[in-house]
Amino acid sequence: MNYLDGPEVRLGDVVRVPTPAGERRARVVMLGDTGQHLDLDAGFVRWVRDSRILAPTSVFIEWLDDNPFAHDDPQLAPVGNYMSTTVDEFVRFESRSS
């Protein structure tokens, strides 16, 4: 899987993702095409795989900046620090961890 501008998507890559609150930085923590991940909780990985919610063209990211979807409203479901997203023209590669 590659970013729109060419580089291969790798675990640990820092990307910029547009949100309603503006662009936010995140780290790639799971790849949809291979299922590889960065030491994620085994239960979470099992849920992702068993539910088949991660397409081959998608990744799970972990927010590095404030989570733009976080809230304190008890009427709404809680929001975690991970999000799945497709690797498209909006997810922009920023840097690679060594």
Side-chain angles (χ1 to χ4, degrees):
M1 169 174 26
N2 292 55
Y3 296 102
L4 188 65
D5 61 352
E8 180 183 6
V9 178
R10 295 185 189 168
L11 291 174
D13 284 356
V14 175
V15 295
R16 291 198 169 270
V17 180
T19 74
E23 196 172 67
R24 296 291 192 267
R25 291 177 333 116
R27 176 182 21 255
V28 175
V29 296
M30 188 171 191
L31 304 174
D33 59 352
T34 65
Q36 292 177 304
H37 60 88
L38 286 179
D39 197 28
L40 297 174
D41 176 77
F44 177 78
V45 173
R46 191 171 32 261
W47 171 74
V48 170
R49 290 181 178 154
D50 291 351
S51 302
R52 298 182 179 171
I53 61 167
L54 194 58
T57 57
S58 297
V59 294
F60 259 96
I61 59 170
E62 177 182 25
W63 297 111
L64 296 175
D65 294 330
D66 292 338
N67 184 332
F69 304 107
H71 62 80
D72 294 326
D73 189 339
Q75 300 285 333
L76 300 174
V79 176
N81 208 34
Y82 298 108
M83 183 181 92
S84 65
T85 185
T86 56
V87 178
D88 57 17
E89 68 270 22
F90 301 108
V91 174
R92 296 185 309 114
F93 172 75
E94 180 176 289
S95 64
R96 183 150 285 150
S97 61
S98 322

Roughly how far, to the nearest 0.5 Å, is the [atom2] atom of [Y] from the [atom1] atom of [X]?
X: E23; Y: R16; atom1: CD; atom2: CZ; answer: 5.0 Å
X: R46; Y: S51; atom1: CZ; atom2: OG; answer: 11.0 Å
X: I53; Y: W47; atom1: CD1; atom2: CH2; answer: 3.0 Å
X: T57; Y: N2; atom1: OG1; atom2: CG; answer: 12.5 Å
X: D39; Y: M30; atom1: CG; atom2: CE; answer: 12.5 Å
X: D5; Y: F93; atom1: CG; atom2: CZ; answer: 8.5 Å

Taking the side chain as everything from C-beta on, heavy atoms only, tell me whether [X] gets closer than 4.5 Å to [Y].
X: H37; Y: V29; answer: no
X: R27; Y: E94; answer: no
X: L31; Y: R10; answer: no
X: W63; Y: V17; answer: yes
X: R92; Y: V15; answer: no
X: V28; Y: F60; answer: no
X: H71; Y: L76; answer: yes
X: M83; Y: F69; answer: yes

Problem set entry | Salt-bridge criterion met for D65 and R24 (N-O under 4.0 Å) | no

With the 4.5 Å side-chain cut-off for hydrophobic clustering, are [X] and [Y] part of the same group?
X: V14; Y: L38; result: no
X: V59; Y: L64; result: no
X: V48; Y: L40; result: yes

Just by modelled atom types, is the [Y] backbone N or O under 3.5 Å from a matching donor or acceptor in the [X] side chain?
X: S58; Y: L54; result: no
X: N81; Y: E62; result: no
X: D66; Y: P68; result: no

Exercise. So which heavy atom on Y3 is nearest to which on R96, and how close?
Worked result: CE1-NH2, 4.3 Å

